[in-house]
Amino acid sequence: MMTNALNTPEGLDTSRPSPSRIYDYMLGGHNYFEADEAAAKRIIGAVPEIRDTAWANRGYHQRTAAWIARQGVRQFIDIGSGLPTVGNTHEVVKKVHPAAHVVYVDNDPMVELHSRALLDSSGTVSVICADLRDPDSILGNSAVRDLIDPGQPTGILMTAVLMFVSDAADPVGCVSKYVRAMAPGSYLSLTHLTADAKPPATVEAFRAVFDNATERMHFRSRAQVARFFDGLEIMPPYEGGRPEVTYAGVWGAEDVALADSDGSRWLYAGVAKRG
Ligand SMILES: C[S@@+](CC[C@H](N)C(=O)[O-])C[C@H]1O[C@@H](n2cnc3c(N)ncnc32)[C@H](O)[C@@H]1O
């Protein structure tokens, strides 16, 4: 079932697929248009395990948000937050700290519109429509200033978003700006699509779907993903695991062997602490 016109921001170009709506389709949501569905089906044709990838990513997002909250972090900025779905960040972290603050950030206006429905009267959750490639505009936004105390540790969540940022826009520099703006004891959690160990023709068919989308797709290698964590203390992904970038499914998994699926191996992931 596709979204209805009432839930669409005025002036939105629905003729081009967008990452948020393609992802919503993959997760079984209802907020997508024909162009998104066609794009999603092309991806499924090229990468049959892609829905597993999407769920591995979403599960990772929830597990690490909860884990960071359990380290005592009570404020979160979720950048590239996506359309509301099962287990939204504020729902997950409020189970640990009921008064936790969460700011959702996404550059897709449809995300802002739909996320507004999640806001309650407590004033502890905000949503802004902004582009992560402009850290100053996000860090200076009044919602961030109101809800994120720079003197307290923050959970910075950037799952499945940096692959939509080209090298020319300096994604490593952008991530570093967010991390440096937050207090010591803050955590960064991210996932990133990779083409490592994947058949080149499959990767190209996947990537090409985004040629006509609102954002292009950029796969990165393990070494390139590790650069996002430069200068930070990377956390072991599971008990007994080495502190390093790993596949999304296995991070915090109860059964690491079971979670190490083909779908999950499209995504590198890591959580690191600012000392
Ligand atoms: C695949 S979804 C991931 C959603 C969520 N983070 C998760 O992991 O479940 C990627 C999201 O990043 C957003 N996005 C892409 N480029 C962005 C940018 N430059 N600034 C902010 N958000 C962006 C898209 O609109 C989309 O909602």
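Keep in mind that this is a model prediction, so the values were computed, not measured. Order of appearance sets the numbers: ligands from 1, and atoms from 1 within every ligand.
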Identify the closest protein heavy atom to atom 27 (O) of ligand 1: which residue and atom is it, and at what distance?
Asp106 OD2, 2.6 Å
Can you confirm whether Asp78 sits close enough to Val103 that some side-chain heavy atom of one is under 4.5 Å from a side-chain heavy atom of the other?
no
When you check the side-chain N and O atoms of His61 and Thr191, is any donor under 3.5 Å from an acceptor?
no
I need the atoms of ligand 1 closer than 4.0 Å to a non-hydrogen atom of Arg133, numbered in the order shown.
19 (N)
Compute the shortest N/O to N/O distance between Gly80 and ligand 1 and return yes if it is under 3.5 Å, no if not.
yes
Ligand 1 atoms nearer than 4.0 angstrom to some heavy atom of Gly82 are 4 (C), 27 (O)
Please state which protein non-hydrogen atom is closest to atom 23 (C) of ligand 1 and give its distance, to 0.1 Å?
Asn107 OD1, 3.1 Å
Output yes when the distance from some N or O of ligand 1 to some N or O of Arg58 is under 3.5 Å, and no in every other case.
yes
Does the distance from a Lys or Arg side-chain N to an Asp or Glu carboxylate O, for Lys177 and Asp136, drop under 4.0 Å?
yes
Does the distance from a Lys or Arg side-chain N to an Asp or Glu carboxylate O, for Asp170 and Arg133, drop under 4.0 Å?
no
Are a donor atom and an acceptor atom from the side chains of Tyr187 and Thr64 found within less than 3.5 Å of each other?
no
Basic-acidic side-chain contact under 4.0 Å: Lys41, Glu37
yes
If the threshold is 4.0 Å, N to carboxylate O, is there a salt bridge linking Asp24 and Arg21?
no
Residue, atom and distance of the protein heavy atom nearest atom 20 (N) of ligand 1 read Leu132 N, 2.9 Å
For Glu215, is at least one N or O under 3.5 Å away from an N or O on ligand 1?
no
Any idea how Phe219 and Trp266 line up, ring-wise: parallel (<30°), tilted (30 to 60°), or perpendicular (>60°)?
tilted
Any heavy atom of Ala54 closer to ligand 1 than 4.0 angstrom?
no
Atom 12 (O) of ligand 1: which protein heavy atom is closest, and how many Å away?
Val161 CG2, 3.4 Å
Tell me, which protein residue and heavy-atom name are nearest atom 10 (C) of ligand 1, and how many Å apart are they?
Ala160 O, 3.2 Å
Determine whether the side chain, the backbone, both or neither of Ser18 has a heavy atom under 4.0 Å from any heavy atom of ligand 1.
neither
Taking only heavy atoms of Ala130, which atoms of ligand 1 are found under 4.0 Å from at least one of them?
20 (N), 21 (C)
Of the protein's non-hydrogen atoms, which lies at the shortest distance from atom 19 (N) of ligand 1, and what is that distance?
Asp131 OD1, 2.9 Å
If hydrogens are left out, which of Thr159, Ile22, Ile79, Leu190 has an atom nearest to atom 7 (C) of ligand 1, that is, the closest non-hydrogen atom?
Thr159
Report the relative orientation of the aromatic rings in Trp67 and Trp251; use parallel for angles under 30°, tilted for 30 to 60°, perpendicular for over 60°.
perpendicular
What I'd like to find out is whether the side chain of Glu112 reaches to under 4.5 Å of the side chain of Asp106, using heavy atoms alone.
no
Show me which atoms of ligand 1 lie under 4.0 Å from any heavy atom of Asp108.
25 (O)
If you count the atoms of ligand 1 from 1 in the order shown, which ones are under 4.0 Å from a heavy atom of Ser20?
25 (O), 26 (C), 27 (O)
Report yes if the side chains of Ile77 and Val102 come closer than 4.5 Å at any heavy-atom pair, otherwise no.
no
For Asn57, the atoms of ligand 1 under 4.0 Å from one of its heavy atoms are 7 (C), 8 (O), 9 (O)
